[in-house]
Asker: 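Can you read through this structure? Questions will come right after.
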Amino acid sequence: MSILEELEWRGLYADCTDSATLTQRIAAGPITLYCGFDPSADSLHVGNLVPLLALRRFQLHGHIPIVLAGGATGMIGDPSGKSAERNLQTPEQVAHNIASQKKQLAGFLDFETNLNPARLFNNADWTAPVSYLEFLRDVGKYFSVNVMLAKDSVRTRLEGDSGISYTEFSYQLLQAFDFCHLRSKFDCELQIGATDQWGNITAGCDLIRKKLGATAWALVFPLLTKADGTKYGKTASGAVWLDPKKTSPYRFYQFFVQADDADVVRLLKFLTFLTREEIAALEQEVQTHPGARAAQKSLARELTTLVHGADALHGALKASEILFGGALDGITEEIFQDVVGEVPTRDLDPGKLAGAGTPIIDLVVHAGLAPSKGQARKDLEAGGIYLNNVRLSDLSRTATTNDLLFGKYLLLRKGKRTYTVLSARG
RNA sequence: GGUGGGUUAGCGAAGUGGCCAAACGCGAUUGACUGUAAAUCAAUUGGUCUCCGACCUUCGAUGGUUCGAAUCCAUCACCCACCA
C-alpha cells in the first residue's frame with residue numbers, strides 16, 4: 001500500500017492540488033515534504049499530532065520529512081480559522097515557544113537514519129535577513145491582491161465585523177515564501193497540513209510555479225473534529241498538551257480513554273500506527289462490546305506510549321486503576337506515589353490535623369475542589385466528597401492525623417474523578 | 001445632531017415600590033442509573049455563620065425620594081433602533 005493509499009483509508013485525505021501527478025511522483029521515489037507548526041504556545045497539543053504523525057507516516061514509507069518551526073510566521077499570526085485579529089506575541093515569547101516545541105517536534109521523527117533522515121528548520125533563519133524592500137520585489141510582485149482577497153481565511157474576516165490587519169493579510173506571503181525557499185534549497189516538493197491551510201499552501205505552489213517554474217503539491221487532511229462537529233483536543237480545563245508538565249501522562253491517557261464511541265475509530269485511524277486489520281478488529285469490538293471500550297483503551301495506550309513513553313504509560317495505568325478502582329485497601333506506598341504524581345497536590349500544615357483536626361469542608365476549599373465553603377458544604381451534603389476514596393456524609397466530620405495515608409497524605413475527591421492529594425509532610 | 005428603547009446572576013431572559021438573593025430556560029456542579037458513555041431522573045447553582053434559621057453584599061455607575069427601591073427621580077457611562 002502506498003503512502004497515499006494509506007492516508008486515504010485512514011480518512012486523512014481531504015484534498016490535493018493534483019493527485020494523479022503526485023501519485024506518479026511518489027511512485028518514482030522518495031519525495032521531500034514539509035509541514036509547519038505555529039509557535040502560539042510553549043507546547044504542542046493533541047491537535048498538532050495529526051500533521052506530525054502524517055510526517056512520520058511519510059518517513060516510514062521512505063520519504064524525507066521536514067518539520068518547520070514558525071519562528072517568522074509566529075511573529076505575524078495566521079488568520080486561517082480565526083474570527084478576530086490576534087494579539088502579537090513578543091519576540092521573546094516566540095523564541096521561548098520555538099525552543100520548547102523544537103524538543104517535542106524532534107521526538108516524533110527519525111533524524112539519525114542514513115536513508116531518509118528528517119530535518120528541522122526555523123523559517124526565521126531565511127525570513128529575518130530579507131529586507132522589506134527585497135521581500136516586496138522578490139515575493140510580493142508574484143501575488144495578485146485579487147487572489148489573496150479571495151482566500152477563505154481573508155474573505156471570512158472581511159465579511160465579519162472585525163476586519164483584518166495588513167499584517168495578518170500578508171501572512172500567506174510568508175508561508176508561500178517558506179515553501180518556495182524549501183523547494184529551491186532542499187527540493188521540497190510537497191507541503192501538508194490541515195484543510196484550513198489550503199489557501200496558504202496553494203499560495204506557495206503558485207509562487208513556486210511563477211518564480212521557479214517548478215511544480216509543487218499541496219496535500220491536506222481534515223480537521224480533527226468530534227462527532228458533534230466541535231474541535232477535538234479541548235477539555236473544560238483547556239487544551240490537551242503534549243508537555244507532561246502541562247498535561248500529565250495520566251490526564252493525557254484519560255483524555256483518550258474517554259473518547260466517544262462515535263469518534264474512536266476515526267481517532268485510531270488518524271492518530272495511531274495500528275494496521276488496518278487491528279483497527280477493523282477494534283471497530284468490531286466497539287459494536288459488539290461497547291461497554292468494554294477496548295478501542296478507547298488501545299487508543300489511549302498507543303498515544304501515551306508514543307508521546308510519553310512506556311514508563312509513563314505504566315504509571316498512568318496504575319494511577320487509573322486506583323483512581324477508578326474504588327477502595328484503597330491494601331495499596332502500597334509505592335503505588336500510591338504514582339497517584340500523587342498524577343493528581344494535583346497541595347501542601348497542608350500537619351499541625352492542622354493534630355488533636356480534633358480540621359473540618360473536611362475547610363480542606364475541600366483548601367484543596368481547590370470547591371470555590372467556597374458554602375459550595376463545599378453542598379457537595380458534601382449531596383454525597384460528592386470522598387476522603388481516601390470513602391464517601392463522607394457527616395457535615396461535622398474532621399480530618400485528623402489518623403486519616404493520613406502513609407503518615408503524610410490525604411486523598412480528597414469530589415464527584416467521580418476529581419482528586420487532590422493533600423501533602424502533610426514536614 | 002434629533003427621537004425612542006435598553007443595560008438583571010456564567011449566558012439568555014422575566015420582574016415596574018414591600019411576599020426579591022430575584023421566575024423560567026441553557027450551561028455548570030453533585031447524586032441515581034450506566035460502559036470512567038449517551039439518554040433519562042433528582043438536587044444545588046452570590047457569600048458567611050452557631051445552615052430546617054439568621055446575617056452580609058448584589059439588578060450599568062453615582063447621588064436622591066421613601067418607613068422600605070432591581071422597580072420612582074436626577075446625573076453620568078455604554079449599547080440598540082429609527083430620523084437627519
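The sequence lines fix the lettering, A, B, ..., with proteins before strands; numbering per chain opens at 1. What you see below is based on every heavy atom in this structure, not just the backbone, and it leaves out hydrogens, waters and symmetry mates.
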Asker: Nearest to the Val257(A) side chain among rG31(B), rU36(B), rA37(B), which nucleotide is it?
Answerer: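 Of the candidates, rU36(B) comes closest.
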Asker: What is the separation between atom CG on Leu380(A) and atom P on rU30(B), rounded to the nearest whole Å?
Answerer: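 Interatomic distance, CG of Leu380(A) to P of rU30(B): 14 Å.
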Asker: Which one is paired to rG68(B), where only Watson-Crick or G-U wobble pairs with both distances under 3.5 angstrom count?
Answerer: none
Asker: Identify which nucleotide among rA32(B), rU45(B), rU36(B) has an atom closest to any side-chain atom of Gln258(A), counting heavy atoms from C-beta outward.
Answerer: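 In terms of side-chain proximity for Gln258(A), the closest of rA32(B), rU45(B), rU36(B) is rU36(B).
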Asker: Distance check needed: rU36(B) P versus Gln296(A) CD, whole Å only.
Answerer: 11 Å
Asker: How far, in whole Å, is rA28(B) from rC76(B) if one measures between their C1' atoms?
Answerer: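 My reading of the C1' atoms in rC76(B) and rA28(B) gives 36 Å.
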Asker: Take atom CG of Asp362(A) and atom P of rU48(B), then tell me their distance rounded to the nearest Å.
Answerer: 10 Å
Asker: Side chain of Ala382(A): nearest nucleotide among rU30(B), rU36(B), rG35(B)?
Answerer: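 Among rU30(B), rU36(B), rG35(B), the one nearest the side chain of Ala382(A) is rU30(B).
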Asker: Atom CD1 of Ile385(A) to atom P of rG31(B): distance rounded to whole Å?
Answerer: 9 Å
Asker: Roughly how many Å apart are rA9(B) and rG5(B), using the C1' atom of each and rounding to a whole number?
Answerer: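 It comes out at 23 Å once rounded to the nearest Å.
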Asker: Considering only NZ, NE, NH1 and NH2 on the basic side and carboxylate oxygens on the acidic side, decide whether Lys408(A) and Glu333(A) come within less than 4.0 Å.
Answerer: yes
Asker: In the strands shown, is rA32(B) matched to any nucleotide by a Watson-Crick or G-U wobble pair with both distances under 3.5 Å, and which?
Answerer: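 With both distances under 3.5 Å, rA32(B) matches rU40(B).
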Asker: Looking at the side chain of Asp260(A), which of rG35(B), rU44(B), rA37(B) is the nearest nucleotide?
Answerer: rA37(B)
Asker: Return the nucleotide paired to rA81(B): Watson-Crick means purine N1 to pyrimidine N3 with N6-O4 or O6-N4, wobble means G-U with N1-O2 and O6-N3, both under 3.5 Å.
Answerer: rU3(B)
Asker: Classify Gln254(A) by what it touches in the nucleic acid, base, sugar-phosphate, or nothing, heavy-atom distance under 4.0 Å.
Answerer: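 Answer is base: heavy atoms of Gln254(A) come under 4.0 Å of a base.
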Asker: Please find out if less than 6.0 Å separates the ring center of Phe121(A) from that of Tyr34(A).
Answerer: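 They do not qualify: ring centres at least 6.0 Å apart.
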Asker: Does rA23(B) have a Watson-Crick or wobble mate here (both distances under 3.5 Å), and if so which one?
Answerer: none
Asker: In whole Å, I'd like the distance from the CD atom of Gln375(A) to the P atom of rG47(B).
Answerer: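 After rounding, the reported distance stands at 7 Å.
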Asker: Using the C1' atoms only, state how far rC56(B) lies from rA77(B), rounded to an integer number of Å.
Answerer: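 That atom pair is separated by 28 Å.
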Asker: Looking at every strand, decide which applies to Lys416(A) at a 4.0 Å heavy-atom threshold: base, sugar-phosphate, or nothing.
Answerer: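 Touches a base.
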Asker: Of all the choices, rU45(B), rU48(B), rU29(B), which nucleotide is nearest to the side chain of Asp379(A) once you look at every atom?
Answerer: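 Selected nucleotide (nearest to the side chain): rU29(B).
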Asker: For rA61(B), what is the paired nucleotide under Watson-Crick or G-U wobble rules, both distances under 3.5 Å?
Answerer: rU75(B)
Asker: Do any side-chain nitrogens or oxygens of Lys373(A) fall under 4.0 Å of OP1 or OP2 in rC49(B)?
Answerer: yes
Asker: Using a heavy-atom cut-off of under 4.0 Å over every strand shown, decide if Asp261(A) touches base, sugar-phosphate, or nothing.
Answerer: base
Asker: Please report the distance separating the P of rA70(B) from the corresponding atom of rA21(B), rounded so that it comes out in whole Å.
Answerer: 9 Å
Asker: If you take all heavy atoms of Thr195(A) and Pro222(A), which pair is closest and at what distance?
Answerer: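 Looking at all heavy atoms of both residues, the shortest contact is CG2-CA, 4.2 Å.
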Asker: State whether Tyr386(A) places a side-chain N or O below 4.0 Å from either non-bridging phosphate oxygen (OP1 or OP2) of rU30(B).
Answerer: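 False: Tyr386(A) side-chain N/O out of range (4.0 Å or more) of rU30(B) OP1/OP2.
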Asker: Taking the C1' atom in each of rG4(B) and rG15(B), what is the distance between them to the nearest angstrom?
Answerer: 22 Å
Asker: What interatomic distance, in whole Å, is found between P of rC72(B) and the corresponding atom of rU50(B)?
Answerer: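 Roughly 40 Å separates the two P atoms.
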Asker: Check whether any side-chain nitrogen or oxygen of Arg293(A) sits under 4.0 Å from OP1 or OP2 of rA38(B), and answer yes or no.
Answerer: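 No, no such contact exists.
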Asker: Using the C1' atom in both, what is the distance from rC26(B) to rA14(B), to the nearest Å?
Answerer: 15 Å
Asker: Can you tell me the base-pairing partner of rC55(B)? Count Watson-Crick or G-U wobble geometry only, both distances below 3.5 Å, and say none if there is no partner.
Answerer: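 Across any shown strand, rC55(B) pairs with rG47(B).
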Asker: Would you mind classifying the nucleic acid contact of Gly384(A) as base, sugar-phosphate or nothing, using non-hydrogen atoms under 4.0 angstrom?
Answerer: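 Sugar-phosphate: the residue Gly384(A), judged by heavy atoms under 4.0 Å, touches backbone atoms but no base.
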Asker: Atom CD of Glu285(A) and atom C1' of rG35(B): how far apart are they, to the nearest Å?
Answerer: 13 Å
Asker: Both Gly291(A) and Thr418(A) contact RNA chain B. Taking the nearest nucleotide for each, which residue is further toward the 5' end?
Answerer: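 Whichever sits nearer the 5' end wins; that is Thr418(A).
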Asker: Tell me whether Glu168(A) is salt-bridged to Arg157(A), with the criterion being a basic N under 4.0 Å from an acidic carboxylate O.
Answerer: yes
Asker: Within 45° of the axis and under 6.0 Å from the centre of the six-membered ring of Phe273(A), does NZ or CZ of Arg57(A) qualify?
Answerer: yes
Asker: Tell me: CG of Leu395(A) to C1' of rU48(B), nearest whole Å?
Answerer: 16 Å
Asker: Once you measure the plane-to-plane angle for Phe135(A) and Phe177(A), does it fall in the parallel (<30°), tilted (30-60°) or perpendicular (>60°) bin?
Answerer: perpendicular
Asker: Would you please confirm or rule out a distance under 4.0 Å between OP1 or OP2 of rA37(B) and any side-chain N or O of Arg417(A)?
Answerer: yes
Asker: For the pair made of CZ in Phe252(A) and C1' in rU36(B), what is the distance, rounded to whole Å?
Answerer: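 The answer, rounded to whole Å, is 18 Å.
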Asker: Answer yes when Asp243(A) and Lys103(A) have at least one side-chain N-carboxylate O distance shorter than 4.0 Å, and no when they do not.
Answerer: no
Asker: Under 4.0 Å between a Lys/Arg side-chain N and an Asp/Glu carboxylate O for Glu189(A) and Arg25(A)?
Answerer: yes
Asker: Say you pick atom P in rU65(B) and the same atom in rU16(B); how far apart are they, in whole Å?
Answerer: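 The answer is 24 Å between these two P atoms.
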